[in-house]
Amino acid sequence: MEGGGGGGGGKNGKEREEEQDQDGMSVHSPCKPPPPSSSAASSLSKEQLQVELELRLLEALGIYPPVKLRGMHRHFVLFCLMEFLRRSFGRQFSSDEVLQLMDRFYNIEMLKPDDEEAEILNHEEEFSLPESYFDKEE
């Protein structure tokens, strides 16, 4: 066995480094992305704004849980989410915008009340105090 088979396919470190330099991807020279054009910069800022908006929404959902959007407080919770985003970004958000944002993380259809729940919430019963309550006051 001539040449000492120490692994590496018979190439020493210098030869491997030269091959990497030929590819333009050396570990010693960092890859630099091309300078951003104006359209790429605006696209990047829109993307950053969208990410910031999603992060703020998730932060708000920590305070106002989405499960409460299913109950009788759903309009109040939706309003609170709208207000949280308004204070965070300094502009108004409609309920449709907030629900559209939430649709990226949750199945909004599952949050809509079904007929049975609506019937329970709209059910009214006659209430009156018992007669014994009035007897005690006299």
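Nothing here was measured: the structure is a model prediction, and the numbers come from that model.
- Between L101 and F105, the closest heavy-atom pair is O-CD1, 3.7 Å.
- Hydrophobic clustering (side-chain heavy atoms under 4.5 Å, transitive across Ile, Leu, Val, Met, Phe, Trp, Tyr) keeps V77 apart from F79.
- Of the inter-residue distances, the one linking R74 atom CZ with S95 atom OG reads 12.5 Å to the nearest 0.5 angstrom.
- Going from atom SG of C80 over to atom CG of L61 covers 11.5 Å, rounded to the nearest 0.5 Å.
- Closest heavy-atom contact between M102 and P66: CE-CB, 4.0 Å.
- The side-chain tip of R91 points at the ring of F93 from less than 6.0 angstrom away and within 45° of straight on.
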List the atom pairs, with distances to 0.1 Å, where a side-chain N or O of residues 51-59 and a protein N or O form a donor-acceptor pair under 3.5 Å, not counting sequence neighbours.
{"from": "E52", "atom 1": "OE2", "to": "R56", "atom 2": "NE", "distance (Å)": "3.2"}
{"from": "E52", "atom 1": "OE2", "to": "R56", "atom 2": "NH2", "distance (Å)": "3.1"}
{"from": "E54", "atom 1": "OE2", "to": "Q50", "atom 2": "NE2", "distance (Å)": "3.4"}
{"from": "E54", "atom 1": "OE2", "to": "R104", "atom 2": "NH1", "distance (Å)": "2.1"}
{"from": "R56", "atom 1": "NH1", "to": "E59", "atom 2": "OE1", "distance (Å)": "2.8"}

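- Note: the hydrophobic cluster containing V98 does not contain V67 (ILVMFWY, side chain heavy atoms under 4.5 Å, direct or indirect links).
- L78 and I63 fall within a single hydrophobic cluster, where Ile, Leu, Val, Met, Phe, Trp and Tyr side chains are chained together by heavy-atom contacts under 4.5 Å.
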(Q) Run the side chain to side chain contact (heavy atoms under 4.5 Å, CB included) test on L49 and F89 for me, step by step, so that the C-alpha distance in whole Å, both residues' side-chain angles and the decisive distance to 0.1 Å come before the verdict. (A) CA-CA 10 Å; L49 180 62; F89 290 97; 4.1 Å; yes
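- L81 contributes atom CG, which lies 13.5 Å from atom CZ of R86 (distance to the nearest 0.5 angstrom).
- S94 pairs by the side chain to side chain contact (heavy atoms under 4.5 Å, CB included) definition with D96, E97, not counting sequence neighbours.
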